[in-house]
Every structure is written in structure tokens, then in C-alpha cells.
Amino acid sequence: MSQSTNYYPVCPVCANGLLVPVVIGAGEDKDVRYRCTEPSCGVRFDKHGYERFDEVSQEWKRMGR
């Protein structure tokens, strides 16, 4: 599939993966975040910027805008 036919944007962090929407939470706490499909990238975006999963602490760490 070529870049022009993708429905999802290319990840601006790694430029290899695509950003796909993922629903986090339920009910009124429901939020949409965008995860990169490239396993080595490991970022997710929201309205405040992006986060990277830290394997050591097993938590998401805010990286910036």
C-alpha cells in the first residue's frame, strides 16, 4: 500500500509507523489516543502531545508536544 492510499497519518516521531485511533477508558472517562503501529517507536498521542511507554517503570511518560 502506498503512502497516498493510507487512511492514517504517518507517525511524526519515527516516520515509519501509522497513527491509529485507540479508545482509552469507558463512559464519561472515554478518550481517544493515537498509537504508532511501529513496535520500536512505542508512542501514543493525545491533545496535549505524546507519551512513550517506559519498560522499566511500566508507565507512560510524557515526552512533549
Side-chain angles (χ1 to χ4, degrees):
M1 183 182 281
S2 70
Q3 289 279 2
S4 62
T5 59
N6 287 336
Y7 292 104
Y8 301 111
V10 174
C11 176
V13 174
C14 71
N16 293 320
L18 300 176
L19 296 179
V20 295
V22 177
V23 176
I24 307 291
E28 290 186 21
D29 294 329
K30 185 168 59 172
D31 193 17
V32 176
R33 304 230 172 114
Y34 295 86
R35 294 281 310 265
C36 180
T37 58
E38 175 63 40
S40 63
C41 182
V43 297
R44 71 179 182 187
F45 287 82
D46 61 15
K47 59 188 170 191
H48 303 293
Y50 72 95
E51 301 171 313
R52 186 172 299 241
F53 189 73
D54 181 19
E55 295 287 336
V56 176
S57 68
Q58 294 291 299
E59 294 180 350
W60 289 95
K61 302 288 183 178
R62 178 72 52 193
M63 301 307 289
R65 285 187 170 243

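Numbering of residues begins at 1 and proceeds along the displayed sequence. Any value given below was found using the heavy atoms of this structure, including those in side chains, with hydrogens, waters and symmetry copies removed.
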Report yes if some heavy atom in the side chain of F53 is under 4.5 Å from a heavy atom in the side chain of K61; otherwise report no. no
Hey, can you tell me if Y50 and F45 have their rings parallel, tilted or perpendicular (30° and 60° cut-offs)? tilted
Neighbour count >12 (heavy atoms, 6.0 Å) for atom NZ, K30: no
So which heavy atom on L19 is nearest to which on P12, and how close? CD1-CD, 3.9 Å
What I want to find out is whether D46 reaches R62 closely enough, with some N-O distance under 4.0 Å, to be called a salt bridge. yes
Test the R44-W60 pair against the cation-pi criterion, namely NZ or CZ under 6.0 angstrom from the six-membered ring centroid and within 45° of the ring axis. yes
Side chain to side chain, R52 and V13, heavy atoms closer than 4.5 Å: yes
Min side-chain heavy-atom separation E59-D54 under 4.5 Å: no
Tell me, which pairs form a ring-ring contact (aromatic ring centres under 6.0 Å, His included) where one or both residues lie in residues 13-40, sequence neighbours left out? none
Looking only at heavy atoms, which two atoms of E51 and R33 are closest? And how far apart? OE1-NH1, 4.0 Å
V43 vs C11, test: side chain to side chain contact (heavy atoms under 4.5 Å, CB included). Steps then yes/no. CA-CA 9 Å; V43 297; C11 176; 4.0 Å; yes
Taking T37 for the side chain and G17 for the main chain, is one N or O donor matched with an acceptor at less than 3.5 Å? no
Atom CG of L18 and atom SG of C36: how far apart are they, to the nearest 0.5 Å? 7.5 Å
Under a single-linkage definition using a 4.5 Å side-chain heavy-atom cutoff for Ile, Leu, Val, Met, Phe, Trp and Tyr, are V22 and V32 assigned to the same hydrophobic cluster? no
